[in-house]
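Some notes on the structure that comes next.
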Amino acid sequence: MEKLIINGAKKLQGEISVHGAKNSVLPILAATLLIKGISVIHNVPQLTDVDASIRILEYLGAKVKREESTLIVDANEITENTIPEEMMREMRSSIIFLGSLLSRTKEAYICYPGGCDIGIRPIDLHLSSLRKLGAVITENGNCLCCKNQNSHGAKIILTFPSVGATENIIIAAAVSKGKTTIINAAREPEISDLAAFLNSCGAKIFGAGEGTIEIEGVSSLYPCAHSIIPDRVVAATYMSAAAACADELVIKNIRSQHLSPVMPVFMEMGCKLYVDRNDLKIVSPKRLKRVRMIKTMPYPGFPTDCQSVVMAALIKSYGTTVINESIFESRFKHISELNRFGADITVNDRSAIISGVKNIYGANVYCTDLRGGASMVIAALSAEGKSTVGDIYHIDRGYEKIEENLARIGADIKRTDNEKAIEESKKCEIQNG
């Protein structure tokens with residue numbers, strides 16, 4: 001089993017670049033099923049979640065070719081309308097294939113999706129919305145039998161601005177008859193990116209990025225080329241690493257407007273931020289200040305995906321910070337692992353109280369989920385001594401070659417599956433106390 005070995009307390013410096021957004025790539029890849037032709041998608045990171053989506057596309061009959069950061073998807077012939085359970089269970093966002101498969105083949109047979117265990121994420125909004133668009137969906141144990149012979153537009157009011165449900169509706173409605181209106185739609189930048197891709201293919205989607213989205217269904221879509229937006233969560237992760245471990249760091253290939261929900265938090269920490277087009281320079285104080293209160297909210301609020309990485313940066317801050325997690329009820333599993341470094345974090349219901357400590361020390365820890373895994377890396381980078389980070393398959397779902405990128409800016413980090421190296425690191429942990 002691969003692990004990361006990190007020798008911490010090294011100053012980070014230089015420049016690091018942000019890759020394409022995982023949460024944009026996945027729905028856009030699903031949407032390529034709507035197009036009888038070749039879609040060219042640029043700025044696609046090498047992630048295990050992307051690989052899982054590619055396997056689904058290929059199973060369904062599409063031909064996919066990667067040329068560095070570009071994916072060429074030929075969905076001219078789709079021969080299957082069933083996605084095997086083992087493929088569905090690889091990632092939560094596999095449910096996004098339901099809307100595109102129903103639109104393309106009029107029938108779909110899938111099982112419930114998998115993904116990180118960060119709390120209940122029901123797909124009832126997906127199913128109820130697709131039913132309003134004309135789908136007939138029956139449940140058989142863990143599997144869904146879906147038919148959509150008479151797709152049509154509808155007015156859909158979401159009880160929660162679910163990103164996945166909004167994406168499924170957009171994809172399904174793009175080639176449905178009539179007009180669809182989504183009220184209380186998710187406003188995340190990834191929604192706008194999906195709409196931009198589909199509109200480039202001939203769709204008529206208006207208001208993406210706002211609370212109300214209108215889709216005028218078209219009879220068919222045509223191929224196009226599209227470039228994925230930068231990953232704002234990866235950018236916030238590098239900002240957290242810079243805040244904890246660098247005097248200053250330049251983060252390249254960002255969209256500053258997408259980072260507006262997190263920038264005030266870093267400024268309250270005492271960091272200075274300088275934006276120059278698509279670059280962000282972050283200058284950190286000798287010791288971070290506490291942040292009075294952080295509450296995760298749907299966009300444009302503070303992202304739940306950034307909660308754990310910011311928490312890792314705040315471990316050594318001066319004072320006490322409270323983080324309230326209002327999106328997922330089980331997204332504090334990383335805290336027990338962070339405390340292994342010597343952090344002082346307690347949980348009260350859905351709030352985490354971070355009491356800053358002066359020093360933390362190397363530890364042997366495990367990733368609990370994707371973003372929690374990134375928080376382990378940040379803590380290990382700022383800790384004195386060596387650390388091992390296990391179960392890094394979580395990290396590989398959303399961060400492309402994280403050890404290589406961090407090593408370029410001064411981190412002493414390497415990936416290994418050498419058991420001897422792991423045992424040596426454990427001995428170091430014991431010596432570190």
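All of these numbers come straight from a predicted model, not from anything done at the bench. Numbers for residues simply follow the sequence, beginning at 1. Side-chain atoms are counted along with the backbone in the values below, which use heavy atoms only and exclude waters and symmetry mates.
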Note to self: Closer than 3.5 angstrom, by distance alone: can the side chain of T48 be matched with the main-chain N or O of R397 as a donor-acceptor pair?
What the structure shows: yes
Margin query: Checking S351 against N324: is there a side-chain donor and acceptor pair closer than 3.5 Å?
Written below: yes
Item checked: Atom pair OG/NZ of S220 and K36 - distance to nearest 0.5 Å -> 8.5 Å
Item checked: Side chain D417, main chain E2, donor-acceptor under 3.5 Å -> no
Note to self: Checking side-chain polar atoms at under 3.5 Å, does T105 have a donor or acceptor matched by the opposite partner on N81?
What the structure shows: no
Check: Is it true that R255 and D193 make a salt bridge, defined as a side-chain N closer than 4.0 Å to a carboxylate O?
Finding: no
Item checked: E90 bridged to R55 by N-O distance under 4.0 Å -> yes
Next item on the list: Decide yes or no on salt bridge (charged side-chain N to carboxylate O under 4.0 Å, His left out) for K179 and E214, but give the supporting numbers first.
Entry: CA-CA 7 Å; K179 178 180 177 180; E214 294 184 347; 3.6 Å; yes
Note to self: Testing K22, R371, H19 one by one against Y399 for a side chain to side chain donor-acceptor pair (under 3.5 Å), which residue passes?
What the structure shows: R371
Check: Would you say the side chains of N148 and E107 form a donor-acceptor pair under 3.5 Å?
Finding: no
Check: Can a donor-acceptor pair be found between the side chains of Q307 and H334 at a distance below 3.5 Å?
Finding: yes
Notebook entry, point to check: Okay, side chain of S176, backbone of A172: is any donor-acceptor separation there less than 3.5 Å?
Noted result: yes
Notebook entry, point to check: Do the side-chain N and O atoms of Y366 and K3 include a donor-acceptor pair separated by under 3.5 angstrom?
Noted result: yes
Note to self: Looking at I191, is its backbone amide N or carbonyl O close enough to the side chain of E188 to form a donor-acceptor pair, meaning the two atoms are under 3.5 Å apart?
What the structure shows: no
Margin query: Test of understanding: with salt bridge (charged side-chain N to carboxylate O under 4.0 Å, His left out), list the residues that count as partners of K132, not counting sequence neighbours.
Written below: none
Check: Hey, does the side chain of T70 reach the backbone of H42 with a donor-acceptor pair shorter than 3.5 angstrom?
Finding: no
Item checked: Closest non-hydrogen atom pair, L98 against N168 -> C-OD1, 4.1 Å
Notebook entry, point to check: Who are the salt bridge (charged side-chain N to carboxylate O under 4.0 Å, His left out) partners of D279, not counting sequence neighbours?
Noted result: K252
Note to self: Any carboxylate oxygen within less than 4.0 angstrom of a Lys/Arg side-chain nitrogen, looking at E86 and R89?
What the structure shows: no
Check: Got more than 12 heavy atoms from elsewhere within 6.0 Å of CD, Q13?
Finding: no
Check: Mind checking what makes salt bridge (charged side-chain N to carboxylate O under 4.0 Å, His left out) contact with E67, not counting sequence neighbours?
Finding: K65
